[in-house]
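Everything numeric here is computed off the predicted structure, so don't read it as measured data. Every number for a ligand or one of its atoms is a count from 1 in the order of the listing. Worth knowing before you read on, the calculation uses all heavy atoms, side chains too, and leaves out hydrogens, waters and symmetry mates.
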Amino acid sequence: MIISTDRGKRLSDFRIEPVTIPSDPGCPFCEGHEHMTPRELLARRRDGSGPNGPGWDLRVVPNQLPVLRVEGMLDRQGEGLFDKMNGIGAHEVIIETPKHDDTLATMSDAAVEQVLWAFRERMQDLKRDRRFRYIIVFKNHGKAAGSSLDHPHSQLIALPIIPREVRDEMEGARAHFASKERCVFCDVLSQEERDGRRVIADNGDMMAIAPYAPRFPFETWILPKRHQSLFEDAPRHEYASLARLLGDLLRRMNKMLLNPPYNLLIHSAPLNDAASDFYHWHMEIIPTLTKVAGFEWATGFYVNPTSPEEAAQVLRETRL
Ligand SMILES: [Zn+2]
Ligand SMILES: [Zn+2]
Ligand SMILES: [Zn+2]
């Protein structure tokens, strides 16, 4: 990890492609276009509306759209996940709102909470299939972040393997637990709370921090302050708190970083592992501010032009 502030830390130096959402009469996710998607697996419906027609606030459908299958492969795991799935897997899309130009930053806290709740419900359902070892939940917001459809959506992929990035993170956490008998994420939370410089927001249940060694500028993690290894087992009030903190964070990023594209993902313990003492679920949000150049891919060193202390200060002090 190299933090190179002399490469230019002014926000105007970042290459940002602000996300705009043009209207699209042929959008398969808009209300009234339900016939363009497979039958829904889950929906939040307003009074009296029947399945697979209009009248919904959120829908989850199997992902059979070729463009999204490609988008799903653009994950950050870098190891050809689909090749390793041996035909076992589920790929679903969460259509977060019927409004084509809404975003997680403009939706109500209650609507964002419904999205998180849908993740939970689908994870609870899919984990009954014992062939699945892991469920990736992610969102690509904006074309520069890999999104191929503008309508607000996130995706979920159930896998028969544990992705490398999660395995690596778990190994580090396991080693920390072996020597200290404490969860490394709980240790990070209490250390960051004491230090304060890398804390972006703290609402009692959830804390948003700029991690100590970020790979990307303005990389942000949101963690529950109470130890919990599985996202899908969190108590209800934590989803409400996460929704509030996430909406607030995205509005700050939009103001300071000019509506940046971003990737969002949830890291949770593998399915059907007993609740773990050493792993702690969290959300990672990575705005797309610099293109990762050949140097980074080739060496594994990420050159990050903004220190986490600066990033946290900018976001913490943003007035909305
Ligand atoms: Zn749409
Ligand atoms: Zn913990
Ligand atoms: Zn993680």
Side-chain angles (χ1 to χ4, degrees), residues 19-37 54 56-59 61 65 67-68 75-78 93-103 106-107 134-138 141 147-154 162-178 180-193 205-216 219-231 233-234 238 263-270 273 275-286 302:
V19 175
T20 54
I21 305 182
S23 64
D24 174 8
C27 173
F29 295 162
C30 273
E31 195 166 20
H33 292 180
E34 294 76 15
H35 61 282
M36 295 174 73
T37 63
W56 49 276
D57 293 322
L58 173 149
R59 297 176 82 218
V61 297
L65 293 157
V67 288
L68 283 189
D75 55 52
R76 300 188 301 114
Q77 320 298 337
V93 53
I94 297 91
I95 307 168
E96 296 162 353
T97 161
K99 280 170 67 187
H100 186 77
D101 60 354
D102 230 344
T103 68
T106 54
M107 287 157 61
Y134 200 79
I135 295 176
I136 302 176
V137 178
F138 67 99
H141 175 70
S147 177
S148 45
L149 281 172
D150 292 321
H151 194 116
H153 67 281
S154 35
I162 301 171
R164 190 185 60 196
E165 190 172 319
V166 178
R167 278 200 317 267
D168 290 350
E169 214 178 64
M170 289 191 71
E171 280 319 304
R174 200 191 307 270
H176 183 94
F177 192 84
K180 304 245 167 67
E181 295 188 0
R182 290 190 311 266
C183 162
V184 65
F185 298 92
C186 286
D187 276 5
V188 164
L189 282 165
S190 53
Q191 189 186 318
E192 296 300 349
E193 192 163 19
D205 289 328
M206 296 281 155
M207 196 188 278
I209 60 168
Y212 177 71
R215 294 155 294 178
F216 303 97
E219 175 174 348
T220 299
W221 291 13
I222 302 178
L223 305 98
K225 294 175 77 174
R226 198 178 59 88
H227 182 80
Q228 173 96 45
S229 62
L230 295 161
F231 170 84
D233 283 355
E238 288 189 356
N263 298 106
L264 176 158
L265 59 89
I266 292 171
H267 276 163
S268 180
D273 276 15
S276 155
D277 289 334
F278 65 86
Y279 196 72
H280 191 124
W281 76 261
H282 54 278
M283 183 179 273
E284 300 184 7
I285 298 129
I286 299 167
Y302 293 95

With respect to the Zn ion (ligand 3), what is the nearest N, O or S atom of E169?
OE2
Enter the distance from H151:NE2 to E96:CD here, rounded to the nearest 0.5 Å.
8.5 Å
Working to the nearest 0.5 angstrom, can you tell me the gap between F278 CZ and E171 CD?
7.5 Å
Tell me the angle that ND1 of H267 and NE2 of H282 form around the Zn ion (ligand 3), rounded to 10°.
110°
Atom NE2 of H153 and atom NE2 of H141: how far apart are they, to the nearest 0.5 Å?
11.0 Å
Which atom of E284 is nearest the Zn ion (ligand 3), counting N, O or S only? It is OE2
Any chance you could lay out the salt bridge (charged side-chain N to carboxylate O under 4.0 Å, His left out) test for R226 and E238, step after step, and finish with the verdict?
CA-CA 10 Å; R226 198 178 59 88; E238 288 189 356; 3.2 Å; yes
The Zn ion (ligand 1) to H33: any N/O/S contact under 2.8 Å?
no
Is the closest basic N to carboxylate O distance between K225 and E193 below 4.0 Å?
yes
Do any of the N, O or S atoms of E165 sit under 2.8 Å from the Zn ion (ligand 3)?
no
Looking at H151, pick out the N, O or S atom nearest to the Zn ion (ligand 1) and give its name.
ND1
Which single N/O/S atom of H100 lies at minimum distance from the Zn ion (ligand 1)?
ND1
Donor-acceptor side-chain pairing of Y279 and E169 below 3.5 angstrom:
yes
At the Zn ion (ligand 2), ND1 of H227 and ND1 of H280 open up to roughly (10° bins) 110°
